[in-house]
Protein chains: 2
Amino acid sequence: MVLRRSPKSARPQRDRIIIGDSLEQLAKIPDASVDLVFADPPYNLQLDGELLRPNNTRVDGVDNDWDRFASFADYDAFCRTWLGECRRILKPDGAIWVIGSYHNVFRLGATMQDLGFWILNDVVWRKVNPMPNFRGRRFTNAHETLIWAARDQKSRYTFNYESLKAFNDDLQMRSDWLFPICSGPERLKDDDGRKAHPTQKPEALLNRVLLASSNVGDVVLDPFFGTGTTGAVAKRLGRSYIGIERDKDYAAAARERIAKVRQLPASALETQPSKRSEPRVPFGTIIELGILKPGSALFDPRRKIRAEVKADGTLSWQKSQGSIHRLGAHVQGKQACNGWTFWHFETGGKLKPIDELRERAKQQLGLARMPALIAAE
Amino acid sequence: MVLRRSPKSARPQRDRIIIGDSLEQLAKIPDASVDLVFADPPYNLQLDGELLRPNNTRVDGVDNDWDRFASFADYDAFCRTWLGECRRILKPDGAIWVIGSYHNVFRLGATMQDLGFWILNDVVWRKVNPMPNFRGRRFTNAHETLIWAARDQKSRYTFNYESLKAFNDDLQMRSDWLFPICSGPERLKDDDGRKAHPTQKPEALLNRVLLASSNVGDVVLDPFFGTGTTGAVAKRLGRSYIGIERDKDYAAAARERIAKVRQLPASALETQPSKRSEPRVPFGTIIELGILKPGSALFDPRRKIRAEVKADGTLSWQKSQGSIHRLGAHVQGKQACNGWTFWHFETGGKLKPIDELRERAKQQLGLARMPALIAAE
DNA sequence: TCACCACCTGAATCGTGTC
DNA sequence: AGACACGATTCAGGTGGTG
C-alpha cells in the first residue's frame with residue numbers, strides 16, 4: 001500500500017478559523033491539500049426595498065454588505081476566483097459542495113463547469129417549513145440547490161454509498177432531501193436575542209453532506225464559514241475543518257459553538273463497509289481451500305447449463321473454457337458477466353450462487369469481519 | 001376590461017406545428033406575439049459509452065444527434081440564440097418556462113439572466129419513479145429543474161395564485177412538485193412498440209405549468225415540440241399552441257396525438273376569482289392524475305347539491321366557487337368543512353366520499369402505505 | 001376476475017487494479 | 001499510458017402470462 005501524503009510544508013493547519021477575506025486567505029492555502037470543500041457563498045439576492053408580511057410586520061431578510069454586487073459580471077468574476085482557488089487547493093480526488101438559490105446557483109454551476117469541475121449531482125434541499133410568499137405572486141420558494149462536483153472528470157471521489165443506502169431504509173439515497181430550516185435552539189442568537197447570522201444552515205444538512213462524501217480524518221474547507229455549521233458537524237464526525245470568515249463576530253460565534261461540540265465515539269463513526277473495499281478472494285482460492293473440488297459441477301440459475309470446475313480455477317462447458325466471468329458472459333452471449341452471481345453450486349438439491357462460498361473462504365483465511373469485532377471497536 | 005391585441009399582421013398562426021429548425025423558424029415569428037413559452041431544449045448529456053444494469057441489460061439512453069454539442073461554448077451560443085429569439089417573440093408581460101437537468105440547467109439559467117429575463121422561481125420536478133443509479137456511485141438523480149422567468153423585471157406576468165392555492169388544499173403551491181415520469185398508456189410508441197421520443201414529458205407537468213401561468217386563449221410557443229405534450233395540454237385547457245419540431249416523425253406523432261385531444265368545456269376551465277397538514281395528496285393532484293375529470297360532478301351526502309369540478313382544482317355550485325373545503329363550508333353555511341368527507345362522487349349509482357380517491361392517488365404517487373402495515377397499526 | 005409473479009424500462013454525464 | 005481482467009451494481013411501476 002502506498003501512502004499518498006503531501007510534503008509536510010504543504011499540509012494546512014487543521015481545525016482552525018482564519019479571519020480574513022476569502023480571496024486573500026484562500027491564496028495562502030497550499031495546492032492539493034484539502035479533501036472536500038463546502039461553500040455557502042453570498043447569494044447576490046438583489047433585494048429591492050423591504051418586504052412586509054400581510055400583517056405589516058417587516059421581514060428580516062438578508063441585507064448585508066457582503067451580499068451586494070454591482071452586476072452579474074462582478075458576481076461571476078468573484079465566483080471564478082474563489083472557485084478556481086478551491087479547485088487548486090483540492091486534492092486530485094477531492095470534491096466540492098456549493099449551495100445556492102435561483103438567484104445565484106445558475107451562475108455558480110456554469111462557472112464550476114467552465115473551470116473543469118465535473119458535476120456529480122445537483123441535490124435539492126426541500127424545506128419542511130419555508131417562508132411563505134407573502135405577496136402571492138410566485139410559488140413558495142421551498143427549496144435550495146446544492147451542487148456536488150468532483151475536481152475533475154477523472155477524480156476518484158469519495159461516496160459512501162452503502163452508508164447512505166442503509167440510512168435510507170436500504171433504498172438508494174435520492175437527489176431530493178427533506179430537512180427543516182435551522183431554527184429553535186440550534187439557531188445561534190446574538191446578545192440581543194436576534195439571529196446571529198441570516199443564513200445559518202441546519203446541521204442535519206451538513207451531516208448528510210459530510211457522511212456521504214468524506215471519510216474520518218479528511219480535511220474540509222469552508223471559505224464562507226459564517227457561524228461555523230461546517231466546522232461543528234465536521235468536528236462531531238471526526239473530520240478536520242478549515243474555515244475562512246471575514247466577520248469577527250461571526251467567527252467568534254463559530255469558535256464558541258464548535259468548542260461545545262464533542263466528537264462522536266469512533267465506533268459510532270464506522271461506515272457501512274463497501275463490498276468494493278473488502279479483501280478480494282479469487283475463484284482459484286475456493287478450489288485451493290478445497291471448498292470446491294476440481295471436476296465438480298456448476299450451473300446457471302435455470303440449470304440449463306452444467307459447467308465443470310478445472311483444477312486451474314477455470315470453468316469449462318462444451319468446447320469453451322475460461323474464468324467464471326468469461327464463461328458466464330460467453331454462455332449468455334453477453335459482453336460481461338459477474339460469475340460470482342451467475343454460477344451456482346448444488347447443495348441439498350437446491351442451487352446457490354458461488355458468491356456464498358467466498359464467505360467460507362474469508363473465514364478460513366481470517367479475512368471475515370466478525371460481528372463481535374465491529375461492536376468492540 | 002381592456003383587450004390588448006397585437007396588430008393583425010403581427011398575429012402568428014395559431015394551433016399549428018411548424019416543421020423545421022428551431023432557430024430558423026423562430027426568426028420568422030413576429031415580435032411580441034406570444035404569451036408564454038415552454039421549452040424543453042436538448043440537455044447536452046455528454047454520455048460516453050453504454051451503461052449496463054446489474055443484470056447486464058443495456059440502458060436505452062439518449063443517443064440522438066440532436067443532443068450532441070461540440071463544447072459548452074457551442075451549447076451556450078445555441079441557447080443564447082433561441083432564448084434571445086423567444087424573448088423577442090414574447091409579449092412585454094409574457095413569461096417563459098425552461099426545463100433541464102444538472103447537465104444544462106446552470107447554463108440555461110445564467111444565459112436567461114444575461115439576456116434580461118427575470119427569474120421568478122426555479123421549480124423542482126421530483127420524480128416518483130426515477131431510474132436508479134446502477135453503479136452506486138452517485139445519488140439517484142430523482143428530479144429535473146424548471147426555470148420560470150418573466151420577460152423583464154417589470155413584466156406583469158400571469159400567475160393564477162388563487163387557483164393553485166385552491167388546487168393545493170388552500171396552501172400556497174410550493175416550488176417542489178411531485179409527478180411520475182411519463183410511462184404506461186400516455187407514453188407514445190412507434191410502430192415497433194418502442195418509445196417514440198426518448199424524453200416525452202408527462203402531461204400532468206404541463207398541466208400545472210399552463211394552469212399556473214397562462215389564461216384561456218393565450219398563445220403558448222414550444223420551440224422544441226417533440227411529440228407535442230405542450231400542444232396536447234394547451235388544447236385541452238383552451239390555450240393555443242405553436243410548436244416547432246425539426247423531426248418529421250416526431251411532428252407527425254404530435255399531430256396525431258393532439259387531434260385526439262378534446263378541449264375541456266368552458267365551464268370547467270373557469271378559474272378561481274381573485275378573491276391542514278392531514279392531506280398529503282391535495283385535491284388538485286386527483287385531477288392532475290386523471291382520477292377525476294374536470295367537468296365531472298360531486299354531490300353532498302344527501303345528493304341535494306351538485307357541484308362541478310374545475311380544471312384548476314376548484315369546485316363550483318351556482319355562483320360560488322372555491323376549494324373543496326371552502327365550498328363545502330359555504331353550502332352548509334358553516335365556517336369550516338372537510339371537503340374530503342363532505343363531497344361524494346357517483347360510482348355504480350352509489351355515492352362515495354372523494355377521500356377514497358386519495359388512496360388511488362397515493363398509490364400512483366408512491367405514497368401508499370402497505371395494507372399490512374395499516375392493518376397492523 | 002383476481003392474485004401473483006416474471007419481466008421490462010426510464011433525459012445516465014454511473015470502475016478499479018494490474019500488467 | 002493503455003489494455004485488459006476482475007467483478008460491483010437497481011427502484012417504481014407497467015405489462016403480460018399463469019393459475
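Keep in mind that the numbers below use all heavy atoms, side chains included, and drop hydrogens, waters and symmetry copies. In what follows, chains are A, B, ... by sequence order, proteins preceding strands, each numbered from 1.
As the counterpart of dA11(C), no nucleotide is assigned, since no Watson-Crick or G-U wobble pattern has both distances under 3.5 Å. In this structure dG7(D) sits in no base pair that meets the Watson-Crick or G-U test at under 3.5 Å.
Between Trp340(A) and Phe283(A), the ring planes lie perpendicular to each other; the angle is over 60°, past the 30° to 60° tilted range. In this pair, Phe78(B) and Phe69(B) present their aromatic rings tilted. The plane angle is within the 30 to 60° band.
In terms of position on DNA chain D, the residue among Asn129(B) and Pro282(A) whose nearest nucleotide sits closer to the 5' end is Pro282(A). Comparing Asn56(B) and Ser323(A) by the nucleotide of DNA chain D whose heavy atom lies nearest to each, the residue mapping closer to the 5' end is Ser323(A).
Side chains of Tyr43(B) and Glu144(B): a donor on one and an acceptor on the other come within 3.5 Å.
For Lys201(B) against dA11(C), a side-chain N or O and a base N or O form a donor-acceptor pair under 3.5 Å. Side-chain N/O atoms of Arg53(B) and base N/O atoms of dG10(C) include a donor-acceptor pair closer than 3.5 Å. For dA11(C), the base has no donor-acceptor partner in the side chain of Asn141(B) [N/O atoms by modelled type, under 3.5 angstrom].
Among the heavy atoms of the strands, none lies under 4.0 Å from Gln200(B). Using a 4.0 Å heavy-atom distance criterion, Leu47(B) is classed as a base contact. Within 4.0 Å (heavy atoms only), Ile119(A) reaches at least one base atom of the nucleic acid. Contacts of Gly49(B) with the nucleic acid, taken as non-hydrogen atoms under 4.0 Å apart, include base atoms. Asp170(A) comes within 4.0 angstrom of the backbone, heavy atoms only, and of no base. The residue Arg276(A) sits close only to the backbone: its heavy atoms come under 4.0 Å of sugar-phosphate atoms, none of a base. No contact: Cys182(B) has no heavy atom under 4.0 Å from any strand. Residue Arg107(B) is out of contact with every strand shown, counting any heavy-atom pair closer than 4.0 Å. Heavy atoms of Glu144(B) sit under 4.0 angstrom from at least one base atom. Among the heavy atoms of the strands lying under 4.0 Å from Thr199(B) is at least one base atom, whether or not backbone atoms are also near. Counting non-hydrogen atoms under 4.0 angstrom, Pro202(B) reaches nothing in the nucleic acid.
Nearest to the side-chain atoms of Pro185(B) among the listed nucleotides dG10(C), dT15(D), dT9(D) stands dT15(D). Between dA8(D), dT10(D), dC6(D), one nucleotide has an atom nearer to the side chain of Lys165(A) than all others, and that is dT10(D). Checking dA12(C), dA8(D), dG10(C) against the side-chain heavy atoms of Asp60(B) singles out dG10(C) as nearest. Of the candidate nucleotides dG15(C), dG7(D), dT9(D), dG15(C) has the atom lying nearest to any side-chain atom of Arg137(B). Side-chain atoms of Val128(B) lie closest to dA12(D) of the nucleotides dA8(D), dA12(D), dT9(D). Comparing dA12(C), dT9(D), dG14(D) by their closest approach to the side chain of Phe134(B) singles out dT9(D). When the nucleotides dT15(D), dC14(C), dC11(D) are ranked by their closest atom to the side chain of Gln172(A), dC11(D) comes out on top. Relative to the side chain of Leu51(B), the nucleotides dA12(C), dC11(D), dT9(D) differ in distance, and dA12(C) lies closest. Of the listed nucleotides (dA11(C), dC6(D), dT16(C)), dC6(D) has the atom at the smallest distance from the side chain of Arg280(A).
Taking atom CE on Met131(B) and atom P on dA11(C), their separation rounds to 7 Å, with Å as the unit. At whole-Å resolution of the value, CZ in Phe139(B) and P in dC14(C) are 16 Å apart. As a whole-Å value, the separation of Glu186(B) CD from dG13(D) C1' is 14 Å. As a whole-Å value, the separation of Ile286(A) CD1 from dG7(D) P is 10 Å. Distance, Leu120(A) CG to dC14(C) P: 9 Å, rounded to whole Å. When rounded to the nearest whole Å, the span between CG of Leu108(B) and C1' of dA11(C) equals 13 Å. dA11(C) atom C1' lies 14 Å from atom CG of Asn121(A), rounded to whole Å. Here dC7(C) presents its P atom at 10 Å from CG of Asn55(B), a figure rounded to the nearest Å.
Between Trp125(A) and Trp177(A), the ring centre distance reaches or exceeds 6.0 Å. In this structure, the ring of Trp66(B) has its center no less than 6.0 angstrom from the ring center of Phe224(B). Aromatic ring centres of His197(B) and Tyr250(B) lie closer together than 6.0 Å.
OP1 or OP2 of dA8(D) sits under 4.0 Å from a side-chain N or O of Arg358(A). At the phosphate of dG7(D), neither OP1 nor OP2 sits under 4.0 Å from any side-chain N or O atom of Lys275(A). Neither OP1 nor OP2 of dC4(D) sits under 4.0 Å from any side-chain N or O of Arg326(A). Here Arg187(B) reaches the OP1 or OP2 of dA11(C): one of its side-chain N or O atoms lies under 4.0 Å away. Residue His325(A) has a polar side-chain atom (N or O) positioned under 4.0 Å from OP1 or OP2 of dG7(D). For Tyr161(A), a side-chain nitrogen or oxygen approaches OP1 or OP2 of dT10(D) to under 4.0 Å.
The distance from the CG atom of Leu36(A) to the SG atom of Cys86(A) is 10.5 Å, given to the nearest 0.5 Å.
For the residue pair Arg257(B) and Gly228(B), the shortest heavy atom distance occurs at NH1-C, 3.6 Å. When all heavy atoms are compared, the tightest approach of Gln172(A) to Tyr161(A) is NE2-OH, 3.1 Å.
A distance of about 16 Å separates the C1' atoms of dT16(C) and dA1(D), rounded to the whole Å. If you take atom C1' in dT15(D) and the same atom in dA11(C), they sit 23 Å apart, rounded to whole Å.
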